[in-house]
Structures are given as structure tokens and as C-alpha cells.
Protein chains: 2
Amino acid sequence: MNLRELAQHLGLSKTTVSRALNGFSEVNEETRLRVQEAARRFNYTPNVSAKRLATGESGAFGVVLPGASTEMADPVFGEFLAGLADGAGRCGRDLYVNATFDGEEAGYRRLARAKAVDVMILANLKVEDLRIRLLSHLGLQTVTCGRTAGSLVYPHLDIDHEDGVRRAVDLLAGLGHKAIALVSGPADLSASEQRMVGWHAALGRRGLAAEAGLFVAGPATEDHGYRATRALLALPTAPTAFLCASMFLASGCCRAIGDCGLKIGRDVSVIAHDDGLATVRPEAFEPALTTTFSSIRSAGGRVAELAAALVGGADPATLSEVWPVDLIFRDSAQAPPRR
Amino acid sequence: MNLRELAQHLGLSKTTVSRALNGFSEVNEETRLRVQEAARRFNYTPNVSAKRLATGESGAFGVVLPGASTEMADPVFGEFLAGLADGAGRCGRDLYVNATFDGEEAGYRRLARAKAVDVMILANLKVEDLRIRLLSHLGLQTVTCGRTAGSLVYPHLDIDHEDGVRRAVDLLAGLGHKAIALVSGPADLSASEQRMVGWHAALGRRGLAAEAGLFVAGPATEDHGYRATRALLALPTAPTAFLCASMFLASGCCRAIGDCGLKIGRDVSVIAHDDGLATVRPEAFEPALTTTFSSIRSAGGRVAELAAALVGGADPATLSEVWPVDLIFRDSAQAPPRR
DNA sequence: CAGATCTTTCAAACCGGTTCGAACTTCTTT
DNA sequence: AAAGAAGTTCGAACCGGTTTGAAAGATCTG
């Protein structure tokens, strides 16, 4: 059942039917009801391709997965994607996922030229993220999850990594810890940099030294968390507290601590950042982990809403948000052992 | 730059240009080269919406994420999706991800009516999966990752769960284990059922009892793996070997074993199924885990290829594959302790 | 009651491709 | 030389919506 058939059936023109269904004001209310009723009865749904061609809007948001990389293996990204798809659905849009075999840039160019998406979504922003400039150059509207220090203005949603770390450091310092390590994610990620800045600043305010050796960057995996923690514990000035940028790093961190014969809470303290994944819950740790929390899924949903607003013509300058991070106290953060 | 402009520029008709670019035979070779050259020079890419409207094909494969559920939190599904997007890209298609706020079925209906996708992709098949029937009823072509026991024929790719478990049991039984537990994923999943069947059969062939108490189903999480293993170890007839259906279950299983003061390899053996996620590698376990292995990412890629073949008109009956599973021996499987 | 205004509807053009059927060349065949 | 076949190219229709501009009918104004 298409528009012409529906119109024919009703004895109306395509124009009127289209307008009735799209909520235009110049349609008689009685006619509108009759049309809506018929559309429901015949199970009519506009053909998306036709609608897109006519309106010039694609009705979809684009995400490019870097082909060779393991970004998708990252469950945090997966969860973000789920939130995104969810939010897009609520806004009546869909998600166009394009995995590129020929390089990420080629993917963006293709999507732009083919007018396949209305807005590109970018996540895992780098400190210097070339993609933003590329997309603005290609004339593709963009919304990002995360932000960079650069001067470009673009709609984004980010969480306050810096403040999250600050509060975690404050808590640990307040408990008496002097040597607080930061086990972070990839160094080229903007979020990692923000965390490092927050760590430096918070330690500085407390009059504690942010020793370079107490900061470790690397992939956000269990494996790297384990190795980084082993290395840190082997230092002459081994830290008494660990800040982990992700739950996976925290898993490895906790395993390393256990393997060194230490007990979390009693000998060392751990605070992790929790993105709210259902598979690695802080309560499942022994002892339960103190965390800074912000749901990456909700963030994805909100990013979709921002993208929809952008398409709707909202002023890009008003479409940026930085969410606060919750600090949730559990048993893994305690006063350091007396020496 | 659109087709009409390009044609005008070349002094040709839209028809000829379209045909030249799409490889039709009735175009003069010289003309074709001229057209291709111009298309490259002007950076021409056909508008996807227009192409879709004209051809009736959407050029995209659909995936519906069940909205409320935590399926996406599942990194295995994320990895599958990455493979899918990757394979789709290689076939020149895209992935349409639709997260439904109003129920999974509504999502399928919408996609079908709007002709938004050429093929639906289904994963995580249930033992009795109503979606297959629904989609065939909606007239949507479908390719699944996994298979059900039902009589319906549909293109699918699956791995040989049954044989994987059989081989793992054979290895353990050969080492001398008598009580081999199966820590499985959700009971309503077809894969879980296949594993259970394989477990039963393999034990039976070895003359060992498949005691009901030694089979535990539940969510494929670290948490559940831990609890299931604790419960199993508390049995009067505690198993000496554990088969885990996922690496997450295995993580929890190993933690539980350690917490009970046992040592993997010496006191109990563990074999897990590894989907090849970069974040939880069997080598990172202590000791390294013996696994049955099959890359879920590759599977996703292949599913996309099958879907492309289906659109291309291949006979659906020829588009099914069951992949064998590798058994990779590492240190977590050893002979049981003498009593 | 004529003329202006508002409401409601419609035919036709448009979005940017694909494809059918016809037409025009050029080359064989008889 | 006429007829037939093959090779190229083109105009026009089509896919299924949206949107413009005009028109018909109803209501209001002076």
C-alpha cells in the first residue's frame, strides 16, 4: 500500500493525504481523521527511500567503525552504540553503521557524498582529533561524545572526567593516602588527558606530588590493568591507592593486587570509573568497588537526541552538555595501613 | 554533482551515463572510459536514496536491538556486530541498526513496511524463535547467526557448539575426569541447548553420568560464572572439571575456584569457549585457559556475505554453513588429582 | 450583493536515480 | 541495393514520496 493507492481509495489527492499524515494545518480535521484511520487500517507506512529522496533528509545518523581496529571489541563502545540506537529510535531515526575496509576517512567521504546520513556521530575523541575538521570540511554535521581542547565549536556531550578524578583523589587523600596512582586508558584519547589533568590538579591542591611514574596509560583492558598494577606495586614508592579509568582496568588491577598477596581495602585502595556495563558490576568485586559512575548508555541516548535537535535546526552552539559524574562509595576505598 | 549535471557536462543522456557507470554491456567502451574518468574527476557518487527508490533495494541489512534488554551490553554481540558491519562494508552495503523502544516485534514490522532493509539479520537465536516465523510472514528475507531445531529452512551460519563441547569432554575424560560440569549461558538460547546436548551425548558415550546437578544455565556474566561455580564446588560430588560457555563465565569460574583455595590445573580443570574478544584473552589467565575457539567477528562478516548473496538471488537453500570449532590446548586442563 | 478573505483541495513539478522501448548508425547478409 | 542484425544512444516513464501555486468553495466585509 503506497500513498497513491491510499489516496485513490479515499477519493483524495496524494497531496492532501500526505499533508493529513504529516500534521499540516490546512487540512480539514474531519478529513485528517478519515485519512489517519485509513492509514492505520491499511497498515500504511511511507517508503523511507522515497521520503528521503523527496525531503533531502536521510533520517539516519551515521557511525563509522574503524575497520581494522578493535574499537568494537570494546564493550564500552558497544554500550554507547546501544544507547545511540535507542535514542535514535525514540527520535524516529535510524543508525547507519559503516565499517570501513579502506580507512576511516574514506568511510566518511563516502557517507557524505552519498548523502546517506544527516549527522555523523563521533566517539572516543582523540586529543587532536582530525575527524572533526574533516567532517566540517565535508559539510557533514557532527555530534560528538567527548570533546577536545581545540578551538572548534561543535555539539557534544561529555562527562566531567576531570572532576570525577578530582573527587576520587580528594576522597583518597582525605582518607590519608599520599601515593595515588592513575591507571588510565590510551594516552591519545581526550578523556585520558582530561583525567590526567584532573589527577595532577587535585594532587597539587592537596600538596601531594603527581609523580610521573604513578601515571600509566595503555589499552583499557584487563590485561593491561594487571600489568600496569604489577609494575606500580614493584616500585620503591609503591602507591597505596589506584585510580582505574575503566572497569576492565580495575579487574586487572584487582587481580594483580591479589597476586601480590595484598588485600583491597586493607592494604591498598581502588577506585574505578564505571560506565554502567551490566557485565562488570562494581558490586561483584570483592570487596565491592568504589566508583565514579556515569552511564555510557544514557550518554549515547542523549547524543542521539542532540543530533535530532541539530537536524531540526537548533542552534549548534546550544547543543553541548557536560555531565557530572557520581562518586559512589563502596568498600574498596579505605584508609591506608599505618606504617 | 548529480547524474543529470554529469550527463549534461559530457553531452550524453542520463541513461547512457547511468549504464556506463553500472557496467552495462551496451555502452561503447570509449564512452564508458570517458564517463568513468569524468565521474572520478567530479567526485560523483550516486545519491543512495534515489538509487534505492529506483531499484527497490535498500542496500542495507537490518539489525534490531531489543530495547530494554542488555543484549548490547554483551560484548560478544558487539563483536558480532562489528564483524557484520565490516562484512557489509566489503559487500558495499550498510548496516541499519534499529533499537526499539516499543518492542522488538514492532521494530521488525516497521522496517518491513518501510522497506528500509533488504535482509534482516538475527542473532542469539532462541530454542523456539518466534522471530523467524514473524519475518517470513512479513516477507522479509532473513539470515541468522545460529539455528533452531524447527523445520523452517533459512540461510544461517552457526558454529558446531555440540561438537565443540564433545571434544572438550573427550579431552577431559581422556585425562581421567569423571565429574565434568557445564556452566552454560541462558537456557532459552539455542546455542545453550546444543551445548547441553553435546555434553549429554559425549558423557554418555564415555559411560559417564550427566548428572542434572552438574549443568547450570544463566546469564553469560562473570558474576553468574562465579556463583554457579561456588555452588557446584559446594556439592557433595563436586566436579573436577568445568566447561564454561563463555570467557566471562570462565572469569567468574576461575575466581570462584581461587576463592575456594583450589588451583586450576592442579585441583580442577577448566575449558572455556572463546569467541575471540580482544578484551578477554585466554592467555591472560593464570594458568592460560584451554579453549574451544571460533571468532564471532569472522562469523559476523560471513553472515553479511551470505546476506549479500541472498539479495543477489542465490538459492537460500545453499546459503547455510556450520563452522567447526577449534580446540586449543593450554594449561588449564590437566589430569585430576589422585585421590 | 459584489468583492475580499479564508479554508480546503488538487494537479503538476520535483527529488535523482534506473529502465523500457524506440531510433539512429553501422555492419552483414542475400 | 534492400533487408536484417548488431551496436549505441536517447527520450520518457517510473519509483513513492513532498511541495509549490492555482483553484474551487465557504465565509466575511462594506
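Below, chain A is the first sequence line, B the second, and so on; all start at residue 1. If you're wondering where the values come from, they're calculated on a predicted model, not measured in any experiment.
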Open item on the list: Protein within reach of the bases, or only the backbone? For nucleotides 16-21 of chain C, mark each nucleotide 5' to 3' as B, S or -, using heavy atoms under 4.0 Å.
Closed with: BBBBBB
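When the P atom of D/dG7 is taken as reference, atom CZ of B/R32 falls 14 Å away, rounded to whole Å. The nearest whole Å value for the distance from the CG atom in A/L6 to the P atom in C/dC10 is 13 Å. In this structure, the CD atom of A/E26 is 12 Å from the C1' atom of D/dG21, given to the nearest Å. Separating the CG atom of A/L12 from the C1' atom of C/dC10 is a distance of 10 Å, rounded to the nearest angstrom. Between the C1' atom of C/dC15 and the CD atom of B/E5 lies a distance of 12 Å, rounded to the nearest Å. B/N28 has its CG atom 12 Å from the P atom of C/dT26, to the nearest Å. Rounded to whole Å, the distance from CZ on A/R34 to P on C/dT8 is 14 Å.
By the side-chain hydrogen bond (donor to acceptor under 3.5 Å, both in side chains) test, A/N47 pairs with no residue at all, sequence neighbours left out.
Counted within 6.0 Å of CD on A/E5, heavy atoms from surrounding residues, nucleotides or ligands total more than 12; the atom is thus considered enclosed. Residue A/R133 qualifies as open at atom CZ: its count of foreign heavy atoms under 6.0 Å is 12 or below. Within a 6.0 Å sphere centred on CD of A/E321, heavy atoms belonging to other residues, nucleotides or ligands number more than 12. Residue-environment remark: CD (A/E26) exceeds the threshold of 12 foreign heavy atoms within 6.0 Å.
When the options B/L81, B/V303, B/T142 are evaluated for a side chain to side chain contact (heavy atoms under 4.5 Å, CB included) with B/I121, the one that passes is B/V303.
B/D129 contributes a side-chain N or O that, together with a main-chain N or O of B/R131, makes up a donor-acceptor pair within less than 3.5 Å.
With hydrogens and angles left out, the side-chain atoms of B/Y154 and B/T148 include a donor and acceptor closer than 3.5 Å.
Summary of helix geometry: the two end axes of the helix from C/dC1-D/dG30 to C/dT30-D/dA1, each defined by five base pairs via their C1' atoms, are inclined to each other by 50° (rounded to 10°).
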